[in-house]
Amino acid sequence: MFNYSIEEIKNKKIITLVKLSTLFCLSSLFAGHVHISDDGQLLNPDHHKKEIKSFEVDMGRLKAILKLGNFGKAISTYIENNAGLEGLSLLTKKGKDDYYNSLVEEFINKVDSGDESVEMLTKYGYQLLLVNKLESSKKYYSRALEIKKDNIGALFGLTLIAYTQKDWRAYMSYKNKLLGLSDKLVSQNFLLLAKISFDSANYTEVIEYYNLASENKVKSVLLDLIAARSYFMLGNLSESEKLSNEILITDSNNPDALEQLIMIHKWNGDYSLALNLINKLIKIQPNNIESHHLHFELLALLKNYEAAEKYLNEHLPNLSNVNKTDLKAWIYQLKGDYKSAINLITPYLNHSIIAYRSAKLNLDLNEEDAAVEVLTNRHFTLDQWRAIVIYAKNKKLLNTSLKLLDLAIKQYPNNPYLYNSWAWNAVEIRLSDIDLIVERAKKAYDLIPENPAIIDTYTETLLSAKRSRESKDILLKHKSIVENNPQLLFNLAYSYELAGQRNSALKYYRKCRAILDSRKEWSIRNSKDELKSKIKKLNDKN
């Protein structure tokens, strides 16, 4: 199952999570600013500079060789001295990539097996990753992995490359191999894996990484923050609040933990409490525009509309006219004055942000076709599409939510999570075209077959279509994943039950129950009573 965020429920303003200011954006990882060491750890910039310095070669000598046009000798000098980023940049800027790559191949062929060679290969893979030469980097990492299968640095590099190239099969394969070495991973490894899952809105997976890190006694404030936000997005506000408060015990001015608490109080409707915390946050980060934006929102949610407009003009003076119009229209929307909101935004409908506001207003008025029409051929982020889908669902406009997902899929045709979301929503609303639902679920599965959430959706759709044999075959194909996932164990047991194989069904229902009993919380869709009843029924028959 794919879990949406809990944005825009009960007509509340969209919850815009401020990005984790202390984390790297994944896009920057491959723009020549990567801070990942050879063993797959994140590095701070100072550490990164020291590392480059430690690999310095006589750059004057290297430049002189290049000036003479002796690229072969320059490459040899680079390899012999492990010249690092600066030397590699000098060579690649000369436009001799083909010659360079042939020498790379020659070098790889000469490498002997052993730890030292693995270390060199991993280091070169890392250096190439730094300058965005992903294919060459992949060759080094792959060769290192052939020699030493549990090389965390190589596995981590290949995981990142597969992710940025959207090679979902390779990504899942490398990631699962990494997780098989979880007892050797450090906080930075878990952190970046969690960040990837968070950016993909796979919040359940983030929590799995967090729990795995905890089991291995790996602690990180940043990992705690991502876990707190993932719990929030999954609707588990108590765990999110608990983690946020734990961070604040040791760091009372942590802006990210404060922001998370503000979001929790905002969601709970405790706007006054949230406003007190936002005032503290603004004192810590007086120039943070997002904090001022949130302050404005809270004033409006407290129905102090006049103060909200005043705050907008005084503290957000650099907002564009379009953005201000959007926020003023939102105030009218909160008041229920849809006519004034529509009149205000009508001259700006060519702007995407205003079109988005128009769609919400139309959904408020149950003008479903108009909402879909205004968003057609518009480009939005994945988070924006998810938010508007949630907005429609909470208005009970379930068919419209599927149409909106169709628009998102049109913009992101190779995103497995959108197909997965479409299929899951279609199951929830019991769409009659079961073949189409299975087709969409299979599309997600074909794009990223080893993802537990996607396996869950695909097998659930197959079970809804009474295709229990196919569901069982898929689950058994991924038995190593299923064995530790109670929801997938339940699906497998139910597949056997529908097929009349009672003993196998009972075996997997019991396994599902055993895992759930060992955990703090009930983490599957099916209730305790339902699972208990199934076990009793099958026991009685035996």
TODO: Take Y209 and F190, measure what ring pair (Phe, Tyr, Trp, His ring centres under 6.0 Å) needs, and give me the verdict at the end.
DONE: CA-CA 6 Å; Y209 294 145; F190 286 112; 7.3 Å; no
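- Defined by atom type and a distance below 3.5 Å, a donor-acceptor pair is missing between the side-chain atoms of E368 and N362.
- The two residues V438 and L462 make their nearest non-hydrogen contact at CG1-CD2, 3.9 Å.
- Taking the six-membered ring for Trp and the full ring otherwise, Y356 and H351 have centroids separated by 6.0 Å or more.
- Inspection of the W424 and E460 side chains reveals no N or O donor paired with an N or O acceptor under 3.5 Å.
- Side-chain atoms of R378 come within 3.5 Å of backbone atoms of V374 as a donor-acceptor pair (strictly under, hydrogens ignored).
- Remark: D446 engages K442 in a side chain to side chain donor-acceptor pair (under 3.5 Å) (not counting sequence neighbours).
- E530 has no carboxylate O lying under 4.0 Å from a charged side-chain N of R525, or vice versa, which leaves the two without a salt bridge.
- The two atoms that bring L463 and S495 nearest to each other are CD2-OG, 3.5 Å, heavy atoms only.
- Other residues, nucleotides and ligands contribute only 12 or fewer heavy atoms inside 6.0 Å of the CG atom of D369.
- Y391 and D364 share a side-chain donor-acceptor pair at under 3.5 Å.
- At a cut-off of 3.5 Å, with distance as the only test, a side-chain donor of R510 or N539 sits close to an acceptor on the other residue.
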Task: Test salt bridge (charged side-chain N to carboxylate O under 4.0 Å, His left out) applied to K175 and E205, step by step - done: CA-CA 12 Å; K175 187 194 73 171; E205 197 169 83; 2.9 Å; yes
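- Counting only distance, with no hydrogens or angles, the side chain of Q411 and the backbone of F380 share a donor-acceptor pair below 3.5 Å.
- Side-chain atoms of E215 and N211 include no donor-acceptor pair closer than 3.5 Å.
- Side chains of Y458 and N420 form no contact here, defined as non-hydrogen atoms less than 4.5 Å apart.
- A cation-pi contact, defined as under 6.0 Å to the ring centre and within 45° of the axis, is absent between K328 and Y332.
- Between L193 and T159, the closest side-chain pair of non-hydrogen atoms falls below 4.5 Å.
- Side chains of N366 and K395: no donor on one and acceptor on the other come within 3.5 Å.
- For Y509, the ring-ring contact (aromatic ring centres under 6.0 Å, His included) partners are F490, not counting sequence neighbours.
- Ring geometry for Y508 against Y496 counts as parallel: the plane angle stays under 30°, on a 0 to 90° scale with 60° as the upper cut.
- L404 is listed as a side-chain neighbour of I388, based on a closest heavy-atom distance under 4.5 Å.
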